[in-house]
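These numbers come from a predicted model, not from an experiment.
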Amino acid sequence: KMRQYSQASSKAADFVLYHLRRDDGRLLARYRDGEAKYPGYLDDYAFFVWGLIELYEATFELRYLKLALELNEEMIRLFWDDENGGFFFYGHDSEQLFSRIKEIYDGAIPSGNSVAALNLFRLSRFTGRKDLVQRAEEQLQAFAGTVSGYPAGYAMFMMAVSFYFGPSQEIVVAGSKEREDTKEMLETAQRAFLPNAVLIFHPADADRAEVQKLLPVTAGKDTVSGRAAVYICENFACQAPSTEPSVLHSL
């Protein structure tokens with residue numbers, strides 16, 4: 001089932017990237033009868049970046065994480081409020097209305113701002129980039145007054161706050177993707193509910209150099225005596241590696 005779901009997710013993401021993205025990289029809002037139209041809104045970017053992060057953790061295809069970072073940068077460029085912090089719902093390249101609104105309330109569907117805040121924190125843990133942490137901190141500060149009045153109405157925003165204050169972890173699995181011990185280790189981590197962790201695969205073969213360049217936390221985290229190993233880190237300080245999935249499960 002896990003493979004079936006991840007394959008369906010990959011097809012969905014690839015459809016959006018092929019049919020709902022202009023040549024200049026801009027996401028579009030809707031697709032109908034072969035036609036894509038209208039510049040995407042904040043929610044389109046935040047939710048798609050969220051999906052791409054999840055898709056990386058499901059497939060460990062690095063291209064999805066690279067796309068998440070790329071679209072996250074474009075989201076900041078198009079929607080960020082330089083004066084007061086937070087993200088506007090409309091991009092600066094969209095139709096200019098009398099006022100530019102910001103959504104923060106997390107109803108049946110969470111707001112783009114809340115999802116974007118959590119995305120920023122998670123992407124910072126993947127990459128070690130402090131500029132993403134700073135941007136997310138500014139976002140929390142921009143809406144803290146509103147949220148403190150009724151926290152229950154901002155559940156997704158509170159998830160971002162929880163991730164920020166922690167404890168939160170980086171889990172790095174090193175191994176060869178084709179080996180059974182690596183598959184078992186990865187699947188053990190994937191089956192757990194880990195809202196305050198990011199899951200990273202450090203391949204022992206192909207893409208190794210590219211992974212290390214994009215995800216510096218993987219440096220020095222290698223297999224142990226040829227066996228798949230897991231490193232559990234908190235704020236980039238890591239425990240000794242383990243080669244036993246049962247140990248990972250208990251941790």
Indicate yes or no: at least one non-hydrogen side-chain atom of Q169 is less than 4.5 angstrom from one of R125. no
Any salt bridge linking D14 with R63? Criterion: basic side-chain nitrogen under 4.0 Å from a carboxylate oxygen. yes
For the residue pair L194 and A189, what are the closest heavy atoms and their distance? CD1-O, 3.6 Å
More than 12 heavy atoms from other groups under 6.0 Å of CZ on F236: yes
Please state whether the rings of F126 and Y56 are parallel, tilted or perpendicular, taking 30° and 60° as the class boundaries. perpendicular
Does this structure show an ion pair linking E180 with K183, if we count only N-O contacts that are shorter than 4.0 Å? yes
For D44 and A29, indicate whether the former's side chain and the latter's backbone hold a donor-acceptor pair under 3.5 Å. no
Students often mix this up, so state it plainly: with edges at 30° and 60°, are the rings of F15 and Y31 parallel, tilted or perpendicular? perpendicular
Do Y41 and F88 belong together in a cluster built from hydrophobic side chains that touch within less than 4.5 Å? no
Taking the side chain from K37 and the backbone from R32, do they hold a donor-acceptor pair closer than 3.5 Å? no
Y45 side-chain N/O to L27 backbone N/O, donor-acceptor pair under 3.5 Å: yes
Flag, side chain of S124 to backbone of F121, donor-acceptor distance under 3.5 Å: yes
Please check if any side-chain donor atom of D222 sits under 3.5 Å from a side-chain acceptor atom of Y231, or the reverse. no
So the side chain to side chain donor-acceptor pair (under 3.5 Å) pairs with at least one residue in residues 109-120 (sequence neighbours excluded) are D106-S111, D106-S114, S111-S114, N113-Q139
